[in-house]
Amino acid sequence: MTTSLLLTMFLAMLLPFLAKAPLAFAMQKSGGYDNHNPRAQQAALKGFGQRANAAHYNSFEALLIYACAVFAALATGIVDQTTVTLGWVFIASRIAYLLCYWFDYSTLRSTVWGAGMIAAFTMIGRAILGS
């Protein structure tokens, strides 16, 4: 079970880089990727590019929360089928979140974001209560 949980952590670590691909595409379409000052270019993006940028940064923000939950579960030994399922729910919600952001499904995006956060906080809550 620990291996499955660590696999979800590995995938969560990859998601910000997956989220960077559409952002890089949008930057390339807006006059070429400005590697000298990419954040200024990203700040000027509109529409899809702006959403891709937000999705990219949110992937890093969510990673921190999820990593804390995984480390708490590992440290307290609360790695069971429920914990692993919560991990996969988090990963599925984050993939859905990216797709919703890129395709501008704002209400569904907020819903799947909430599902991912509930999964992560439930995981750490179980670690707290079970230790």
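For this chain, numbers begin at 1 and follow the sequence in order. Everything numeric in this text was worked out from a predicted model, so none of it was measured.
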May I have the list of side-chain donor-acceptor pairs in residues 65-74 shorter than 3.5 Å, sequence neighbours left out?
from	atom 1	to	atom 2	distance (Å)
Tyr66	OH	Thr8	OG1	2.5

Could you pull out all donor-acceptor pairs under 3.5 Å where a side-chain atom in residues 49-60 meets a protein atom, sequence neighbours excluded?
from	atom 1	to	atom 2	distance (Å)
Arg51	NE	Tyr101	O	2.9
Arg51	NH2	Trp102	O	3.1
His56	ND1	Pro16	O	3.0
Tyr57	OH	Gln42	OE1	2.9
Asn58	OD1	Arg94	NH1	3.0
Asn58	OD1	Arg94	NH2	2.8
Asn58	OD1	Tyr97	OH	3.4
Asn58	ND2	Glu61	OE1	3.3
Ser59	OG	Ala55	O	2.9

For a quick test of your reading: what N or O donor-acceptor pairs under 3.5 Å do the side chains of residues 103-120 make, sequence neighbours left out?
from	atom 1	to	atom 2	distance (Å)
Ser110	OG	Ser106	O	3.3
Thr111	OG1	Thr107	O	3.1

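A continuous path of ILVMFWY side-chain contacts below 4.5 Å connects Ile128 to Phe90, so both sit in one hydrophobic cluster. Linking Ile, Leu, Val, Met, Phe, Trp and Tyr whenever their side-chain heavy atoms come within less than 4.5 Å leaves Leu64 and Leu18 in two separate clusters. Cluster annotation: Phe17 and Phe10 are assigned to distinct hydrophobic clusters (Ile/Leu/Val/Met/Phe/Trp/Tyr, side-chain heavy-atom contacts under 4.5 Å, transitive). Side-chain heavy atoms closer than 4.5 Å link hydrophobic residues (I, L, V, M, F, W, Y) into clusters, and following such links, even through other members, never connects Val89 to Val84.
The shortest distance between side-chain heavy atoms of Ile91 and Ile95 falls below 4.5 Å. A heavy-atom distance below 4.5 Å is not found between the side chains of Leu15 and Leu63.
To the nearest 0.5 Å, atoms CG (Leu86) and CD1 (Ile124) are separated by 12.5 Å. Interatomic distance, Ile78 CD1 to Met123 CE, rounded to the nearest 0.5 Å: 12.0 Å. Expressed to the nearest 0.5 Å, how far CG of Leu11 lies from CG of Leu6 amounts to 11.0 Å.
For Thr2, there are no side chain to side chain donor-acceptor pair (under 3.5 Å) partners two or more places apart in sequence or in a different chain. Checked against ring-ring contact (aromatic ring centres under 6.0 Å, His included), Phe121 has no partners two or more places apart in sequence or in another chain.
Few gaps surround CE on Met1; more than 12 heavy atoms of other groups in view lie less than 6.0 Å from it.
Taking both residues in full, the closest heavy atoms of Gln41 and Gly32 are given as NE2-O, 2.8 Å, listed atom of the first, atom of the second, then distance.
The hydrophobic cluster containing Leu23, built from Ile/Leu/Val/Met/Phe/Trp/Tyr side-chain heavy atoms closer than 4.5 Å, also comprises Met27, Tyr33, Leu45.
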